[in-house]
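Comments concern the structure below.
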Amino acid sequence: MGTRNRQTSFPASPPFIQESLFDGNGRGMVPRSPAGQRQAREILKNRGIAIKYIRTAKRARQVIELLCKISGPLGLDTETARAQGFPAHPQAGLEPHLSSLRLVQLYGGGRHVYLFDLFTLPLDLLAPLWRRPLIAHNAVFDLKQLRHAGAVPRRLGCTLLMANALTGRRTGLADLAREYLGWEIPKDLQTSNWSAPQLSFEQLAYAALDAVAVLNLYHELKTRLKARRLAGVYTRMRDAQAAIAALELNGIHFDRPGHAALLDQWQRTQTAARGNLARILGPHVNPDSGGQLSRWLADNLDARTLAQWPVTPHGQLRTNLASLKRFTGHPLVAPLSQYKDTTKMISTFGTAFAEHINPVTRRIHASFRLGGTSTGRLACAAPNIQNPPRDLQFRALFKAPPGRVIVVADYGQIELRVAALVSGDANMLKAYAAGLDLHRKTAAAVAGVATSQVTPEQRQAAKAVNFGLLYGQGAKGLARYARAQYGVAMSLTQAEQARRAFFRAYPGLQRWQQDTIREVRRTGCIATPDGRVRRFKAGRVYSEALNTPIQGGAAEVLLATLSLLESHLAGIDALLVNLIHDEIVLEVAREDGTRACRALEEAMIAGMKTVFPRADTRGLVEAAVGDSWAEAK
DNA sequence: GGCAGCCGCGCG
DNA sequence: AAAGCGCGCGGCTGCC
């Protein structure tokens, strides 16, 4: 008999699976059975590990007692099914509100791996396990599913994050198992039907193997983390997992009718702009096509303008607005600008954005990825709620539901503060110790006036100077950046002068930059304050190398804060609903608003002190309350 | 039809 | 000598 029939011939209610069931189907005779399906069993069999499939409360209690006696961590995995009612939703089976928990797999080493079937067992039965140390791969996923189902694991490690600390990447379990264990573990059943009344033997073997692999991986990765002094990078992320799980599970409330109205407004503006554009470009140029716009420019500009027009790395004429605006008064600029604005809003923040509203919770549950970037920042997707337009009309759509308010707090100038701490520049540190604003100080240095004499314009220009020069920008780049980002007209000469004044004001920073570059050239890598290592291929590393410890240090501060958030907010009705690198957004019961502000500020200050114990925290954070993200800002 | 690279652009 | 960095997403384009 072939494996194809295994599913139907499987006994209806096995108390557990005997090892003898590993035998049977021998040679690969069945064409429709992927190679991987047999390998799950073979790996388990070769290691002498039997599957115990638990479907009765009595067996569950016995097994749990056994598992709780194991001193080391247990490998954990879960399988989830698409929730009834959402068979076709893209997040069904992934997002907890659209999923049901089917299996919990646990492996403590030794000869048995345990599968608890939650279609027949209440999850409460497993409660004693949630105080044990557990290891999962991409543990935030399992944590969310378990928390949503009513279980709260307290000590959860993650092999994805362990490997991330080692490599900087987010690698799947199968790839890690291949690399570190030499195991070929199948992934083809990941998306199989986990709500089937009878799970197939292949499914059970697949599920079991993940828990076994994850525990084996844990031991391998732990040794390597220790040897390479990267354990702290891992634990920083590990301790933020509970906050991230809560954040994703909470979601953020979004005003759908308000959004529809705004979208309608954008579409009207876009239609008008498209008409104006067509009068200039003619009917055959697609304004969405960089290539076509570029060719139009080539055909319509005079030779002198053409000669100085910016080009892309592939030699095409640039068609971004910054380039267009350099040739002031060009009739294309105004309508194209309006068209591009509205088109961007409609495509990214229009219908596509609203499609991420969860049908069950009516909230947006984005995905935040620990270790998602090469500096250690979080990445966010589906949708990315770290980059919604700052336009107040849009941010107001993130409004608190009735009876609740939004609390927002951000770190002021955190990257400059981290730069001061990492470089040890005496003047920068002195400024922060005195509670001074560094943009003002830089402005005074560049303009050659006292800090009290700095004009708003000078301070604005100093922002560009600070953020640009911090990461090794040249005079030309600075001039362009100041205009594009801060609306400050700066000549090349002025930019050069600002550059000299900046480094004269902060000689410690300049020395740090030089030392850093030298180190990167020598070693090919650079580390963040926690010790996260970023490796570079030969060539073009200059600004990335200068940026990594600073952006990374700021990211580490946020992670530290996240690990403190739950305890600081204890007793307050507050939900974490968004994180934007240096900003934390909570949704809070209206009567708890003020308390939440103070608690959040304290947590953020404590987070800073965790990573940088000597940091001066005057003016570091300020929290505010409002009915929406726009109002609380 | 799916996929990858390029480009532009939203945010910090 | 000179060099801002980090993301995700959508449209277009060329390729398979």
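Naming convention: chains lettered A, B, ... in sequence-line order (proteins, then strands); numbering from 1 in each chain. Just so we're clear, the structure is a prediction, and the values are computed from it rather than from any experiment.
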- [ ] Please determine, for the side chain of A:Arg395, which listed nucleotide (B:dC7, C:dG4, B:dC11) has the closest atom?
- [x] B:dC11
- [ ] May I ask you to evaluate whether A:Thr375 reaches the phosphate of C:dG6, defined as a side-chain N or O under 4.0 Å from OP1 or OP2?
- [x] no
Task: Residue pairs fulfilling ring pair (Phe, Tyr, Trp, His ring centres under 6.0 Å) with at least one residue in residues 511-532 of chain A, sequence neighbours excluded - done: none
TODO: For A:Ala554, report the nucleic acid contact type (base, sugar-phosphate, nothing); a contact means any heavy atom under 4.0 Å.
DONE: nothing
TODO: Return yes if the base of B:dG10 and the side-chain atoms of A:Asn387 contain a donor-acceptor N/O pair under 3.5 Å, otherwise no.
DONE: yes
Open item on the list: Heavy atoms only, 4.0 Å cut-off, all strands: where does A:Leu321 land among base, sugar-phosphate and nothing?
Closed with: sugar-phosphate
Got a list of side-chain donor-acceptor pairs under 3.5 Å for residues 499-508 of chain A, not counting sequence neighbours?
residue: A:Arg499; atom: NE; partner: A:Gln473; partner atom: O; Å: 3.0
residue: A:Tyr506; atom: OH; partner: A:Thr442; partner atom: N; Å: 3.4
residue: A:Tyr506; atom: OH; partner: A:Thr442; partner atom: OG1; Å: 2.8

Task: Pair of N/O donor and acceptor under 3.5 Å linking B:dG12 base with A:Arg377 side chain - done: yes
Open item on the list: Tell me if the aromatic rings of A:Tyr471 and A:Tyr542 count as close, with their centers under 6.0 Å from one another.
Closed with: no
TODO: Would you mind reading off the distance between A:Ile252 atom CD1 and B:dC11 atom C1', rounded to a whole angstrom?
DONE: 14 Å
TODO: Describe, in one word, how the ring planes of A:Phe394 and A:Trp266 are oriented to each other, choosing from parallel (under 30°), tilted (30 to 60°) and perpendicular (over 60°).
DONE: parallel
- [ ] Mind telling me whether A:His97 and A:His365 have parallel, tilted or perpendicular rings, with 30° and 60° as the class edges?
- [x] tilted
- [ ] Round to a whole Å and report the spacing from CZ of A:Arg532 to P of C:dG6.
- [x] 13 Å
TODO: Using a cut-off of strictly less than 4.0 Å, decide whether A:Thr319 has a side-chain nitrogen or oxygen near OP1 or OP2 of B:dG8.
DONE: yes
Task: Gap between atoms CH2 and C1', on A:Trp629 and B:dG10 respectively (whole Å) - done: 11 Å
Task: Rounded interatomic separation in angstrom, taking CE from A:Met345 and P from C:dG11 - done: 13 Å
Open item on the list: Check whether A:Glu556 reaches the backbone of A:Arg236 with its side chain - one donor and one acceptor, N or O, closer than 3.5 Å.
Closed with: no
Task: Check: A:Phe398 ring centre within less than 6.0 Å of A:His259 ring centre - done: no
Tabulated below should be each protein N or O lying under 3.5 Å from an N or O of nucleotides 12-16 of chain C; please produce it.
residue: C:dC12; atom: OP1; partner: A:Asn286; partner atom: ND2; Å: 3.2
residue: C:dC12; atom: O3'; partner: A:Ser289; partner atom: OG; Å: 3.4
residue: C:dT13; atom: OP1; partner: A:Ser289; partner atom: OG; Å: 2.7
residue: C:dT13; atom: OP1; partner: A:Gln292; partner atom: NE2; Å: 3.3

- [ ] Provide, to the nearest angstrom, the distance between the CD1 atom belonging to A:Ile385 and the C1' atom belonging to C:dC9.
- [x] 15 Å
TODO: Could you check whether A:Ala352 gets within reach of a base, just the sugar-phosphate, or nothing at all, counting any heavy atom under 4.0 Å?
DONE: sugar-phosphate
Give every donor-acceptor pair under 3.5 Å between a side-chain atom in residues 474-491 of chain A and any protein atom, sequence neighbours left out.
residue: A:Ser491; atom: OG; partner: A:Gln494; partner atom: N; Å: 3.0
residue: A:Ser491; atom: OG; partner: A:Gln494; partner atom: OE1; Å: 3.3

Open item on the list: Distance check needed: B:dG8 C1' versus A:Asp341 CG, whole Å only.
Closed with: 12 Å
Task: Distance, rounded to the nearest Å, where A:Arg483 contributes CZ and C:dG4 contributes C1' - done: 17 Å
Open item on the list: Under 4.0 Å, heavy atoms only, any strand: does A:Glu544 hit a base, just the sugar-phosphate, or nothing?
Closed with: sugar-phosphate
Open item on the list: Let's test your reading of the pairing rules: Watson-Crick or G-U wobble, both distances under 3.5 Å, then write DNA chain C as a dot-bracket string with ( ), [ ], | and dots.
Closed with: ....||||||||||||
- [ ] Find the distance A:Leu416:CG to C:dC5:P and express it as a whole number of Å.
- [x] 17 Å
- [ ] Using a cut-off of strictly less than 4.0 Å, decide whether A:Lys340 has a side-chain nitrogen or oxygen near OP1 or OP2 of B:dC9.
- [x] yes
TODO: Residues of residues 362-374 of chain A with any non-hydrogen atom less than 4.0 angstrom from an atom of DNA chain C: list those, numerically ordered, please.
DONE: A:Arg369, A:Thr373, A:Ser374
Open item on the list: Measuring to OP1 and OP2 of B:dG10, would you say a side-chain N or O of A:Thr348 lies under 4.0 angstrom away?
Closed with: no
Task: side-chain contact (heavy atoms from CB on, under 4.5 Å) partner of A:Leu470, chosen from A:Leu546, A:Val465, A:Leu509 - done: A:Leu509
- [ ] Report yes if at least one side-chain N or O of A:Arg534 is closer than 4.0 Å to OP1 or OP2 of C:dC5; otherwise report no.
- [x] no
